[in-house]
J.: 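I'd like to ask some things about the structure below.
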Protein chains: 2
Amino acid sequence: MSALREKILHVATDLFHSRGINSTGVDTIVAVAGTTKMTLYKYFRSKEDLILEVLQKGHEDFQAWLNENLNRSSKHPAEKIQKLLDFIEEWVTSPDFRGMAFIKASAEFPNEESPVHKLSAEHAKEFRTYIASLASEAGISDSDGLALQLSLLIEGSMQAEQMKRGSGAIKYAKKAAKILIDTAPRKH
Amino acid sequence: MSALREKILHVATDLFHSRGINSTGVDTIVAVAGTTKMTLYKYFRSKEDLILEVLQKGHEDFQAWLNENLNRSSKHPAEKIQKLLDFIEEWVTSPDFRGMAFIKASAEFPNEESPVHKLSAEHAKEFRTYIASLASEAGISDSDGLALQLSLLIEGSMQAEQMKRGSGAIKYAKKAAKILIDTAPRKH
DNA sequence: TTAAATTTATACAATTCAGTATAGAAAATA
DNA sequence: TATTTTCTATACTGAATTGTATAAATTTAA
């Protein structure tokens, strides 16, 4: 609950996105956060620990934000999955969007044994599982399959938008998602 | 045409993929390549120049490989675009696949003004343009739109496969691609 | 006010980084 | 064989890297 600890987490999140994780030194982080290395290492055992916490918090915040918006938008499962891409679009096209954290982290830590890579893969899986639960509640037979397809469109759009702002990728992803959702076989 | 120059390019390509670009030092590259820094800096002005050449060569090799395979598979445009995902699958599921270079490079160089990021974005655009030409020749009305959707599925699959080998993402991407291609409006 | 906890300031170690200087060895060419 | 080009070996610079040690200053709590 320390204010300094949260400030460090926030600044690190920002710098990791704008400059890359491996290109951001702890000296830069503490300088921008207005503190010192001694304080950073009091709250985080190592830079890797800081990276892992940044990823974890970002993932939790994103999932919570998405879940709240979907639950607020509708109570009917069949409608919720239709709204999924709308909220993704809202996020991706917002001015402060700078890419999906677990995609970028896995690129910077390609070794599958790396804790950062492992956590990234875990978050990607949880995201798919979440979409699959939406699809299942909406009565889709192969909910895992549709969820995987939608996640490809969504993560592809995030990647495209991160590479070039205003790519418009999400617009076409929405059209493709609608076709896939509408043509997906239902349970009964 | 120097053998050493090509060896350096090959080793750098390999290390960039397996350890990441920013995590790979020129000392490591020359050690693995069995040469010295003096030789590396004779052929490449800087590490950034080496990165750019690695990206460029990888992009050209990939495009040439894909184009040759598609031309060999069929002479009918309508069939070629159907085969696109098959060859992507072949590459993505091959044991030495380690991710799409321009996706990973753009993550490590997030600054849009960075030459590495710019070249990555250029390659992504050229890839989409190539798919669009296939779609156009196949008689698709909105060839750019379908190409964008297919590229999202393809790049999403590459990302998924890079994160976790044997993800099976490409299988579902193929199913989604087939639906999108089959339902896409034709010119006449 | 006194005591305890937090934070800062600084200096440091040990390593790694990109890139260069110099000189000699090896290889190709004439 | 003589000459030129290529490559190696090695040492170096100067900056940046993560992480720690030590002591002083500041803030919080009693």
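Protein chains get the first letters and strands the later ones, always in sequence-line order, with residue 1 at the start of each.
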J.: Donor-acceptor pair, distance only, cut-off 3.5 Å: does the side chain of A:Glu108 make one with the backbone of A:Val116?
T.: no

J.: Report yes if the side chains of B:Asn22 and A:Ile21 come closer than 4.5 Å at any heavy-atom pair, otherwise no.
T.: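 Not in contact.
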
J.: Show your reasoning for whether salt bridge (charged side-chain N to carboxylate O under 4.0 Å, His left out) applies to A:Arg128 and A:Asp144.
T.: CA-CA 8 Å; A:Arg128 277 207 293 275; A:Asp144 286 347; over 6 Å; no

J.: I need the NZ-C1' distance between B:Lys42 and C:dA18, as an integer number of Å.
T.: 20 Å

J.: Reading nucleotides 8-30 of chain D 5' to 3', which nucleotides get B (base under 4.0 Å from a protein heavy atom), which S (sugar-phosphate only), which -?
T.: BB--------BBBBB--------

J.: It should be established whether A:Tyr43 places a side-chain nitrogen or oxygen under 4.0 Å from OP1 or OP2 of nucleotide C:dT7.
T.: yes

J.: Would you kindly give the CD1-to-C1' distance between A:Ile8 and C:dT7, to the nearest whole Å?
T.: 11 Å

J.: Would you mind reporting whether A:His10 and A:Val32 have side-chain heavy atoms less than 4.5 Å apart?
T.: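 Contact flag for A:Val32/A:His10 side chains = no.
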
J.: Any sub-3.5 Å donor-acceptor pair from B:Arg186's side-chain atoms to B:Ala184's backbone N or O?
T.: yes

